[in-house]
Amino acid sequence: MPRTTRTITFSLPPELADRVDEVMKQQRRSRSEFLREAVLRYIQECEWRQLLQYGENRARAKCIAPKDVAGLVEECRAEVNSSNT
């Protein structure tokens, strides 16, 4: 049966490694579990920032001000709801 994980080795400054160990012990999690979640959260945060930047760029290109966004979202939701009924 093939492995479902891949081992990756990296180094941390001793102080950061100690902090990781401290938190993982408090949470009763393995180092792998803790670091998997940390990496996943970081990736998700990067993707979210990219999405926000894309939205800001598109809004700027269409001259949509931040104050207009809530109203446009409501209009879109109303259109979707009316087409679903």
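These numbers come from a predicted model, not from an experiment.
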Scan the side chains in residues 70-83 for donor-acceptor partners under 3.5 Å anywhere in the protein, sequence neighbours excluded, and list what turns up.
from  : atom 1 : to    : atom 2 : distance (Å)
Glu74 : OE2    : Arg77 : NH1    : 3.4
Asn81 : ND2    : Arg77 : O      : 3.3
Ser82 : OG     : Ala78 : O      : 3.3
Ser82 : OG     : Glu79 : O      : 2.9
Ser83 : OG     : Glu79 : O      : 3.4
Ser83 : OG     : Val80 : O      : 2.9

Examine [X] and [Y] and state if one hydrophobic cluster contains both, with Ile, Leu, Val, Met, Phe, Trp and Tyr joined whenever side-chain heavy atoms are less than 4.5 Å apart.
X     : Y     : value
Leu16 : Leu35 : yes
Val39 : Met24 : no
Ile43 : Phe10 : no

If you count heavy atoms of other groups shown closer than 6.0 angstrom to CZ of Arg19, is the number above 12?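 Count not over threshold, so no.
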Contacts table for residues 55-63: side-chain donor-acceptor under 3.5 angstrom, sequence neighbours left out:
from  : atom 1 : to    : atom 2 : distance (Å)
Asn57 : OD1    : Gln53 : NE2    : 3.0
Asn57 : OD1    : Arg60 : NH1    : 3.0
Asn57 : ND2    : Gln53 : O      : 3.3

Which residues pass the side chain to side chain donor-acceptor pair (under 3.5 Å) test with Arg31, sequence neighbours left out?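 By the side chain to side chain donor-acceptor pair (under 3.5 Å) rule, Arg31 matches Asp21.
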Would you mind reporting whether Gln27 and Val23 have side-chain heavy atoms less than 4.5 Å apart?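 Contact flag for Val23/Gln27 side chains = yes.
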From CZ (Phe34) to NZ (Lys25), nearest 0.5 Å: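 The CZ atom of Phe34 sits 12.5 Å away from the NZ atom of Lys25.
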Salt bridge (charged side-chain N to carboxylate O under 4.0 Å, His left out) evaluation trace for Glu37 with Arg41: CA-CA 6 Å; Glu37 184 176 336; Arg41 284 183 181 204; 2.7 Å; yes
